2 protein chains.
Amino acid sequence: MSNLALGSTDLNTTMTWCCQPLGKEELSAADSEKIAAMFKALSDPVRLRLFSRIAARPGGEACVCDIQDVGVSQPTVSHHLRKLREAGLLESERRASWVYYCVAPGVLAAMAGLLSQTS
Amino acid sequence: MSNLALGSTDLNTTMTWCCQPLGKEELSAADSEKIAAMFKALSDPVRLRLFSRIAARPGGEACVCDIQDVGVSQPTVSHHLRKLREAGLLESERRASWVYYCVAPGVLAAMAGLLSQTS
DNA sequence: CAAATGATTTGATGACTGTCAACATAGAGG
DNA sequence: CCTCTATGTTGACAGTCATCAAATCATTTG
């Protein structure tokens, strides 16, 4: 199994099709599963904070060592970063000793589109 | 305890202060708790579907009986609607025999603001 | 190679959550 | 008052999750 640019789930493909605002038309059962998974990834305070720390970084990327002081152990930080990556919200890349995480392209726009107003 | 226009949590007050985009500056521990609770409310497929059904309704409101066929039992629907209300995303009002739910004002805009792009 | 540093994985545990059946409440209409 | 319909509440249970300690993997450096 590769360890570079570790793959995300199919959420990026999700982005390309389900960007209809939530209030535009009723969600199908299948779509609601995928979108709920996205929100779920951001439904934990620690994960949300990690995500924000990365997103707020100039360049939109950060080394784990730069963001891991969020009040939980380092393995727990790693666990949350993995969840965010598996949800398609982050991507990771190893450079020498360090692993860098960045916000997956298009993710913020897709989520904002889901919540945009219709009226 | 009153049963009309059942009160929501302090999430509507949350909306008024924490609308800085996630990627603008790092979230504080306190803010991340409140915002995560918001995402958590939408992190379940059934809840997301109920929310979408209500939001997609002309007028932005729906009677429980109109939206409860989402594949789970009626008590479970009631349980999820309560969660959404407690999270500040929905408001409810009884009219005769029926209870109507509507999207809390400002909620969609606040969440969209959180996810808006900075660059 | 050996030691040190940065990060992930594994295993265990306590807490939380979605679900349903059964019961309770509220209003409408006989 | 009684019954019927529409919702909400309680209690129980199985599954999921966040967390940490310990072990492991990856890279750099002595």
Side-chain angles (χ1 to χ4, degrees), chain A residues 1-8 29 32-33 36-51 53-54 61-87 89-102, chain B residues 1-8 29 32-33 36-51 53-54 61-87 89-102:
Chain A
M1 186 188 308
S2 80
N3 56 355
L4 257 299
L6 297 153
S8 58
S32 62
E33 294 270 356
M38 220 165 54
F39 284 121
K40 189 169 203 166
L42 294 178
S43 72
D44 179 89
V46 173
R47 275 200 295 274
L48 193 58
R49 230 175 143 198
L50 290 170
F51 184 83
R53 282 194 170 194
I54 294 169
E61 73 170 22
C63 169
V64 175
C65 57
D66 289 332
I67 58 173
Q68 65 183 339
D69 53 326
V70 284
V72 295
S73 70
Q74 195 276 328
T76 300
V77 168
S78 187
H79 167 253
H80 284 305
L81 288 173
R82 186 225 269 256
K83 285 245 184 177
L84 286 167
R85 177 163 46 76
E86 287 176 344
L89 300 184
L90 294 182
E91 292 177 356
S92 68
E93 184 188 4
R94 172 153 229 143
R95 296 184 203 149
S97 290
W98 301 276
V99 176
Y100 287 79
Y101 281 82
C102 66
Chain B
M1 185 188 308
S2 79
N3 57 354
L4 257 299
L6 297 154
S8 59
S32 63
E33 294 270 357
M38 216 164 56
F39 284 119
K40 190 169 202 168
L42 295 178
S43 71
D44 178 89
V46 172
R47 274 200 297 274
L48 193 59
R49 234 176 139 194
L50 289 170
F51 184 84
R53 282 192 170 195
I54 294 168
E61 74 169 22
C63 169
V64 176
C65 58
D66 290 331
I67 58 173
Q68 67 182 339
D69 54 325
V70 285
V72 295
S73 70
Q74 184 273 324
T76 301
V77 168
S78 186
H79 168 250
H80 284 306
L81 288 173
R82 185 224 269 256
K83 286 244 186 175
L84 285 166
R85 178 164 46 78
E86 287 176 343
L89 300 184
L90 293 182
E91 293 177 354
S92 69
E93 184 187 4
R94 171 154 229 143
R95 298 183 203 152
S97 289
W98 302 275
V99 176
Y100 287 78
Y101 282 82
C102 67

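Excluded from the calculations below are hydrogen atoms, water molecules and symmetry mates; all remaining heavy atoms, backbone and side chain alike, are included. Order of the sequence lines sets the chain letters (A, B, ...), proteins ahead of strands, with each chain counted from 1. Just so we're clear, the structure is a prediction, and the values are computed from it rather than from any experiment.
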- Identify the two heavy atoms, one from A/Ser32 and one from B/Leu48, that lie closest to each other, and give their separation to 0.1 Å.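 For A/Ser32 and B/Leu48, the tightest heavy-atom pair comes out as O-CD2, 3.6 Å.
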- Message: With rounding to the nearest 0.5 angstrom, report the OG to CG distance, A/Ser78 to A/Leu50.
- Response: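 Result: 10.5 Å between the selected atoms.
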- Gap separating the CD atom of B/Glu93 from the SG atom of B/Cys63, nearest 0.5 angstrom: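 One gets 12.0 Å once the value is rounded to the nearest 0.5 Å.
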- Residue pairs, two or more places apart or on separate chains, that pass salt bridge (charged side-chain N to carboxylate O under 4.0 Å, His left out) and touch residues 70-84 of chain A: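 Only A/Arg82-A/Glu86 qualify under salt bridge (charged side-chain N to carboxylate O under 4.0 Å, His left out).
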- Query: Quick one: salt bridge (charged side-chain N to carboxylate O under 4.0 Å, His left out) pairs with a partner in residues 61-81 of chain A, sequence neighbours left out?
  - Reply: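 Residue pairs with at least one partner in residues 61-81 of chain A: A/Arg53-A/Asp69, A/Arg57-A/Asp66, A/Glu61-A/Arg95.
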For [N], does either OP1 or OP2 sit under 4.0 Å from a side-chain N or O belonging to [X]?
{"X": "A/Arg82", "N": "C/dT9", "value": "yes"}
{"X": "B/Ser97", "N": "C/dG27", "value": "no"}
{"X": "A/Arg47", "N": "D/dA18", "value": "yes"}
{"X": "B/Tyr101", "N": "D/dG8", "value": "yes"}
{"X": "A/Lys40", "N": "D/dC17", "value": "yes"}
{"X": "B/His80", "N": "C/dT19", "value": "yes"}

- Task: Determine whether B/Ile54 and B/Leu81 make a side-chain contact, defined as any pair of heavy atoms from C-beta on separated by less than 4.5 Å.
- Result: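 SC-SC contact between B/Ile54 and B/Leu81 confirmed.
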Rounded to the Å, how far apart are [X] [atom1] and [N] [atom2]?
{"X": "B/Leu84", "N": "C/dG18", "atom1": "CG", "atom2": "P", "value": "10 Å"}
{"X": "A/Arg49", "N": "D/dA18", "atom1": "CZ", "atom2": "C1'", "value": "16 Å"}
{"X": "A/Glu86", "N": "D/dC17", "atom1": "CD", "atom2": "P", "value": "11 Å"}
{"X": "B/Leu42", "N": "C/dG18", "atom1": "CG", "atom2": "P", "value": "12 Å"}
{"X": "A/His79", "N": "D/dA23", "atom1": "NE2", "atom2": "C1'", "value": "17 Å"}
{"X": "B/Tyr100", "N": "D/dG8", "atom1": "OH", "atom2": "C1'", "value": "17 Å"}
{"X": "B/Glu93", "N": "D/dG8", "atom1": "CD", "atom2": "P", "value": "13 Å"}

- Message: Reading DNA chain D from 5' onward, which residue's closest nucleotide shows up sooner: A/Trp98 or B/Leu81?
- Response: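 Its nearest nucleotide being more 5', the pick is B/Leu81.
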Atom pairs and distances, donor-acceptor, side-chain atoms in residues 37-47 of chain A, under 3.5 Å, two or more places apart:
from, atom 1, to, atom 2, distance (Å)
A/Ser43, OG, A/Lys40, O, 2.7
A/Asp44, OD2, A/Val46, N, 2.9
A/Asp44, OD2, A/Arg47, N, 3.2
A/Arg47, NE, A/Ala41, O, 2.7
A/Arg47, NH1, A/His80, ND1, 3.1
A/Arg47, NH2, A/Lys40, O, 3.3

- Task: Taking side-chain contact (heavy atoms from CB on, under 4.5 Å) as the test, write out the residues that go with A/Ser73, two or more places apart.
- Result: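 Partners of A/Ser73 by the side-chain contact (heavy atoms from CB on, under 4.5 Å) criterion, ordered by chain and then number, come out as A/Pro75, A/Thr76.
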- Item | Closest nucleotide among C/dA7, D/dT28, D/dT7 to the B/Arg94 side chain |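 Nearest listed nucleotide: D/dT7.
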- Task: Measure from the side-chain heavy atoms of B/Asp44 and tell me the nearest of D/dT19, C/dG18, C/dC16.
- Result: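 Closest nucleotide to the B/Asp44 side chain: C/dG18.
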- Message: Using C1' atoms of five pairs at each end, report the bend of the helix from C/dC1-D/dG30 to C/dG30-D/dC1 rounded to 10 degrees.
- Response: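 Comparing the first five pairs with the last five, the axes sit 10° apart.
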- Would you jot down, in residue-number order, the residues of residues 66-77 of chain B having a non-hydrogen atom under 4.0 Å from DNA chain C?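 Going residue by residue through residues 66-77 of chain B, the ones with a heavy atom under 4.0 Å of DNA chain C turn out to be B/Val72, B/Ser73, B/Pro75, B/Thr76.
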